[in-house]
Protein chains: 2
Amino acid sequence: MIKLAYAILDRPKIELPLKKITVKKGDILQRKGDINTKAYIVESGLLRSYTIDDKGKEHIYMFGPENWLVADICETNTPCQLYIDVIEDAVLEVASKEELMERGPDIDALLRRLNTMQARIIMLMSSNAIDRYEHFIQTYPNIIQRVPLKMIASYLGITPEALSRVRNELSHRK
Amino acid sequence: MIKLAYAILDRPKIELPLKKITVKKGDILQRKGDINTKAYIVESGLLRSYTIDDKGKEHIYMFGPENWLVADICETNTPCQLYIDVIEDAVLEVASKEELMERGPDIDALLRRLNTMQARIIMLMSSNAIDRYEHFIQTYPNIIQRVPLKMIASYLGITPEALSRVRNELSHRK
DNA sequence: CCTATGCCTTGATGTACATCAAGAAAAAAA
DNA sequence: TTTTTTTCTTGATGTACATCAAGGCATAGG
């Protein structure tokens, strides 16, 4: 009977039609503190999620290119932690988190994301600026052409100046 | 019919009996590079998972106190990233990840973990040593008495010396 | 019990990266 | 186009934390 549940889970998901919206560069989809925020599936374009710390500095948490699910992981009715805005004009599917759950949670996607985050945490704890940058260009080779370097710096947890010097250093090495 | 699958998911899980083992302080349960590693549910005691970087330095990824699920998130047949060992004598339930999945994936637990990791990433990117420590003692008040400070330093991504000075500073501030 | 090992602290020094400031180049706006 | 705004770079300086070294306390093992 366990097997039964598993088999049902494993069936191709039935895709409910979700609301589709078009957004423009610069639009803000979610602010820190909003409640009952939506989840966005990126069909085309590019999103980013980020925080702003007490000193007013932005820290990019994640980029959301095509096919990514961008959402703040927080419980119903509790304020969210992240801002989400639009870096490149985008077409999005919008869903409440409940709708997504009803579609059937995508366990593989969740596990993949956990894996990504695990790798990021390990990187943040153990790598210097150069290694972080090299790791980034390997992991997201297609993002790098699409966003200003200062956003990549923000994602890596360093300043734009430091990133500039890292790139300089790397290009001079042979 | 979506509803059907959802209802089944939502039923109280049928708990298969899992293998139970007793392990002692210092035992190593998993090494970086192992494949098809197990998942451990901590019934009592305390585990930790960590990496060792190229300079031989340990970075604690996560503590595993009572009721935690400790596992490396990696795909079947690919080498894992983390070491797992025993900090306090422990009783564990051991399961292959497949067994866990058959029990029915615990979505809530997955989401909670994602949330924890999100908070950790944000913290690592934006906080200094003092804030990290204060965040830690708020989030894990019961862990702090149970592990040597150098492990907490390792979890926070700072050196034991730096942690010592942080604590000093905090106790002198009134 | 004594000895050894690990843990925590403190000081001196080093370093990676941040901050501040300014200018050139590129992109966006007008 | 010209103007304005952003982006990127480079240099000078500052700082948070790392590293290295040593000593005092515990705790554990023989």
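Below, chains carry the letters A, B, ... as their sequence lines are ordered, and counting in each starts from 1. This one's a predicted model, so the numbers in the text were calculated from it and none came from an experiment.
- The CD1-P distance, from A:Ile152 to D:dT6, rounds to 19 Å in whole Å.
- Spacing between atom CG of B:Asn128 and atom P of D:dG14 amounts to 21 Å, rounded to whole angstrom units.
- With the nearest nucleotide of DNA chain C identified for both B:Val147 and A:Val166, B:Val147 has the one nearer the 5' end.
- The separation between A:Glu161 atom CD and C:dG23 atom P is 16 Å, rounded to whole Å.
- Using a 4.0 Å cut-off between charged nitrogen and carboxylate oxygen, A:Glu88 and A:Arg146 count as a salt-bridge pair.
- Closest contact between the side chain of A:Arg165 and the listed nucleotides D:dT10, C:dC17, D:dC17 involves D:dT10.
- Phosphate proximity of D:dT19 to B:Lys57: present, with a side-chain N or O under 4.0 Å from OP1 or OP2.
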Report task. Check the pair B:His135, B:Asp131 against side-chain hydrogen bond (donor to acceptor under 3.5 Å, both in side chains), reporting the backbone distance first and the verdict last. Result -> CA-CA 6 Å; B:His135 180 267; B:Asp131 294 344; over 6 Å; no

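- Of the candidates C:dT19, D:dT9, C:dC17, D:dT9 carries the atom nearest the A:Leu149 side chain, counting heavy atoms from C-beta on.
- Residue contacts shown for B:Gly157 are limited to sugar-phosphate atoms, with no base heavy atom under 4.0 Å away.
- Phosphate contact (OP1/OP2 of D:dA18, side-chain N/O of B:Thr159, threshold under 4.0 Å): present.
- Residue A:Asn168 has no polar side-chain atom (N or O) positioned under 4.0 Å from OP1 or OP2 of D:dT9.
- Here the two rings, on B:Tyr155 and B:Phe63, have centers that are under 6.0 Å apart.
- Distance CD1 (A:Ile158) to C1' (C:dA18): 11 Å, rounded to an integer number of Å.
- Among the nucleotides C:dT9, D:dA12, D:dT7, the one closest to any side-chain atom of A:Lys150 is D:dT7.
- Aromatic rings from A:Tyr50 and A:Tyr61 are positioned such that their centres are separated by 6.0 Å or more.
- Nearest to the side chain of A:Lys25, among C:dA28, C:dC20, D:dC20, sits C:dA28.
- With rounding to whole Å, B:Glu169 atom CD is found 14 Å from C:dT9 atom P.
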